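Hydrogens, waters and symmetry mates are skipped; everything else that's a heavy atom, side chains included, is used. Nothing here was measured: the structure is a model prediction, and the numbers come from that model.
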Amino acid sequence: MNTTYHKTPIGIAKIVGDTNGIQSISVLNNDEISDELIHKKTPECLQECVTQLDEYFNNQRASFNLTVNPKGTNFQKKVWKALLEIPYGKTRSYLEQSKALGDVKAIRAVASANGKNPLWIVIPCHRVIGSDGSLTGYAGGIWRKKWLLAHENPVKQQSLF
């Protein structure tokens with residue numbers, strides 16, 4: 001397994017994977033990792049992930065095209081696959097996600113699986129919100145969830161004239 005660290009506007013992305021695909025992408029605070037590790041050469045098998053993350057943050061990419069290999073239960077993988085169906089710039093509630101998966105009563109299990117998503121941003125769990133529109137639950141911190149949603153759907157000022 002190879003690991004690289006890459007600076008993003010909202011923290012350091014820790015990317016883990018190999019030739020079988022990206023296994024995990026998590027976010028760290030800038031003070032959690034040394035500059036030496038951030039500037040270390042990125043393994044070739046992780047370079048495309050770094051490139052696509054940069055494109056995302058530079059508003060040049062709305063979806064990812066990576067080989068991924070996340071570790072999880074069959075149910076978790078089903079939930080993560082459903083997250084990929086939420087369009088860029090849009091949100092869904094946990095209840096809507098449960099309904100999309102065919103079981104409205106599974107809302108807590110769906111929320112739990114979202115929280116265990118190992119592929120930060122690539123599998124867009126940040127697009128899932130509370131039924132009342134609140135920004136609930138995000139492993140990277142609510143401020144990052146808010147930032148990502150604003151990044152994907154910036155407020156456009158209307159002209160007065």
message = Within this structure, what is the OG-CG distance for the pair Ser26 and Asn117, rounded to the nearest 0.5 Å?
response =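 Ser26 OG to Asn117 CG: 11.0 Å, rounded to 0.5 Å.
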
ask   = How many angstroms lie between CG in Asn114 and NE2 in His126, if you round to the nearest 0.5 Å?
value =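 It is 11.5 Å, given to the nearest 0.5 Å.
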
Heavy-atom side-chain contact between [X] and [Y] under 4.5 Å:
X	Y	answer
Thr73	Lys78	no
Ile129	Leu149	yes
Asn2	Glu44	no
Ile121	Ile25	no

message = Which residue is it: Val68, Leu84, Asn69? I am looking for the one with a side-chain contact (heavy atoms from CB on, under 4.5 Å) to Leu119.
response =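 Per the side-chain contact (heavy atoms from CB on, under 4.5 Å) rule, the option paired with Leu119 is Val68, out of Val68, Leu84, Asn69.
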
What pairs of residues pass the salt bridge (charged side-chain N to carboxylate O under 4.0 Å, His left out) test when at least one of them lies in [range], not counting sequence neighbours?
range	value
residues 99-109	none
residues 113-124	none
residues 49-76	Glu55-Arg61
residues 122-136	Arg127-Glu152

task = Please name all residues satisfying side-chain hydrogen bond (donor to acceptor under 3.5 Å, both in side chains) with Glu48, sequence neighbours left out, ordered by chain then number.
result =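 Scan of Glu48 (side-chain hydrogen bond (donor to acceptor under 3.5 Å, both in side chains), adjacent residues dropped) gives Gln52.
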
query = Does one hydrophobic cluster hold both Leu95 and Ile86, with members joined at side-chain heavy-atom distances below 4.5 Å?
reply =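 Yes; Ile86 is reachable from Leu95 via cluster members.
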
inquiry  = Let me check something: do Leu28 and Leu148 share a hydrophobic cluster, defined by ILVMFWY side-chain heavy atoms less than 4.5 Å apart, either directly or through other members?
reply    =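 Hydrophobic grouping puts Leu28 apart from Leu148.
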
Distance-only check: which donor-acceptor pairs under 3.5 Å involve side-chain atoms of residues 138-146, not counting sequence neighbours?
residue: Tyr138; atom: OH; partner: Trp120; partner atom: NE1; Å: 2.8
residue: Arg144; atom: NE; partner: Ile10; partner atom: O; Å: 2.5
residue: Arg144; atom: NH1; partner: Gly140; partner atom: O; Å: 2.7
residue: Arg144; atom: NH2; partner: Ile10; partner atom: O; Å: 3.1
residue: Arg144; atom: NH2; partner: Asn29; partner atom: OD1; Å: 2.8
residue: Lys145; atom: NZ; partner: Val128; partner atom: O; Å: 2.5
residue: Lys145; atom: NZ; partner: Thr136; partner atom: O; Å: 2.7
residue: Lys145; atom: NZ; partner: Gly137; partner atom: O; Å: 3.2

ask   = Which atoms form the tightest heavy-atom contact between Ala106 and Ser98, and what is the distance?
value =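 Nearest heavy atoms, Ala106 then Ser98: C-OG, 3.8 Å.
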
Give the table of side-chain donor-acceptor pairs shorter than 3.5 Å for residues 13-24, with sequence neighbours excluded, one pair per line with atom names and distance.
residue: Asp18; atom: OD1; partner: Asn20; partner atom: N; Å: 2.8

inquiry  = Run His151 and Asn59 through side-chain contact (heavy atoms from CB on, under 4.5 Å) and show every step you take.
reply    = CA-CA 8 Å; His151 173 73; Asn59 296 312; 3.0 Å; yes

task = Please list, chain by chain and in numerical order, all residues satisfying side chain to side chain contact (heavy atoms under 4.5 Å, CB included) with Thr42, sequence neighbours excluded.
result =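 Here the qualifying residues are Thr4, Leu46, Gln47, Val50.
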
query = Which residue pairs pass the ring pair (Phe, Tyr, Trp, His ring centres under 6.0 Å) test when at least one of the two sits in residues 60-110, sequence neighbours left out?
reply =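 Every pair satisfying ring pair (Phe, Tyr, Trp, His ring centres under 6.0 Å) with a residue in residues 60-110: Tyr56-Phe64.
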
